[in-house]
Amino acid sequence: MPVLVVNVDHVATLRQARMGTEPDPLTAAHLAELAGARGIIVHLREDRRHIQDRDLDLLAQTVQTKLHLEMAATEEMHAIALRTKPHMVCLVPEKRRELTTEGGLNLIGNEGKLRDYLADIHEAGILSSLFIDADPDQITAAVEIGAKYVEIHTGHFADAASDREEAEELQKILRGVELGLDAGLKVNLGHGLNYVNIFHFAHTSGISEYSIGHSIMARAIFTGISQAVRDMAEIIKTFPQ
Ligand code: PXP
């Protein structure tokens, strides 16, 4: 069965708006777990604009499901991953000025470098995922790098300006899912998924995890985080294996 993993970065964004102590992403993570999240995700950015090192350290000690760390492939993050030992690291591209992650990694031509980068991480028993666009060449490169998972970027689909564009982007994702599974990868989806567009995947088999943050936290403002997580987990539970 596909599962929901909840990204709590946006709770940290609100806290950092005042550079204070509330709301605490740890509370959000623990409530999300109680409400049916099967994993917690944080993105520790180089500029520390939301999640802080303290958050990651404490989550690594207290998350009861699985902790996934999104990070750029830098030396600093390599050391942090080895120190905190999340269940999985997901390598993402990172630009200083972007509002959020804008697209997938470009793996092509970087296969050797990324394979070496991940070697110690794999050695430490940490799984790896690569956040990529639904591009067949990226999927081939992901296999070469030796990642167990890919996360296919659903942001272009979520941001589509017309039904036609949405349908085209959806087809690319579905094809990418098929190629990834055929290549022996485990496939996750994430970015921009919400309580409406998620239903486009209601008949898609083979997805391991849906990685969702913003729409859940947006709903949580009105319904509370437990209800918002439960609502999404209940939807995903109805999707095929
Ligand atoms: N997956 C990746 C790799 C991301 O960078 C993000 C955003 O932090 C997400 C999933 C979640 O996206 P959203 O917050 O739009 O649900």
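As the structure lists them, so they are numbered: ligands from 1, and atoms in each ligand from 1.
Side-chain atoms of Thr13 never come within 3.5 Å of backbone atoms of His50 as a donor-acceptor pair (strictly under, hydrogens ignored). Checked by atom type and distance alone, the side chain of Ser215 pairs as donor or acceptor with a backbone atom of Leu193 at under 3.5 Å.
Less than 6.0 angstrom separates the ring centroid of Phe201 from the ring centroid of Phe157.
When Val5, Asn188, Leu67 are each tested for a side-chain contact (heavy atoms from CB on, under 4.5 Å) with Met88, only one passes: Asn188.
Between Ser215 and ligand 1, a contact under 3.5 Å exists for no N or O pair. The N/O atoms of His43, backbone and side chain alike, include none that comes under 3.5 Å of an N/O atom in ligand 1. Taking distance alone, with nitrogen or oxygen atoms compared against 3.5 Å, Gly213 approaches ligand 1 more closely than that limit. Annotation: Gly192 places an N or O atom under 3.5 Å from an N or O atom of ligand 1; distance criterion only.
Close approach of ligand 1 to Val92 (heavy-atom distance below 4.0 Å) involves ligand atoms 3 (C). Shown in contact with Asn7 at under 4.0 Å from a heavy atom are these atoms of ligand 1, numbered in order with element: 8 (O).
Contacts with ligand 1 closer than 4.0 Å are made by no heavy atom of His153, backbone or side chain.
Among His191, His214, Glu151, the residue whose heavy atom lies closest to atom 1 (N) of ligand 1 is Glu151.
Surrounding CG of Asp182 are more than 12 heavy atoms belonging to other residues, nucleotides or ligands, all under 6.0 Å away. Other residues, nucleotides and ligands place no more than 12 heavy atoms under 6.0 Å from the CZ atom of Arg164.
Under a 4.0 Å heavy-atom criterion, Cys90 is not in contact with ligand 1.
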Q.
Does Asp53 form a salt bridge (charged side-chain N to carboxylate O under 4.0 Å, His left out) with Arg48? I'd like the steps, not just the answer.
A. CA-CA 8 Å; Asp53 298 69; Arg48 306 298 197 272; 2.6 Å; yes
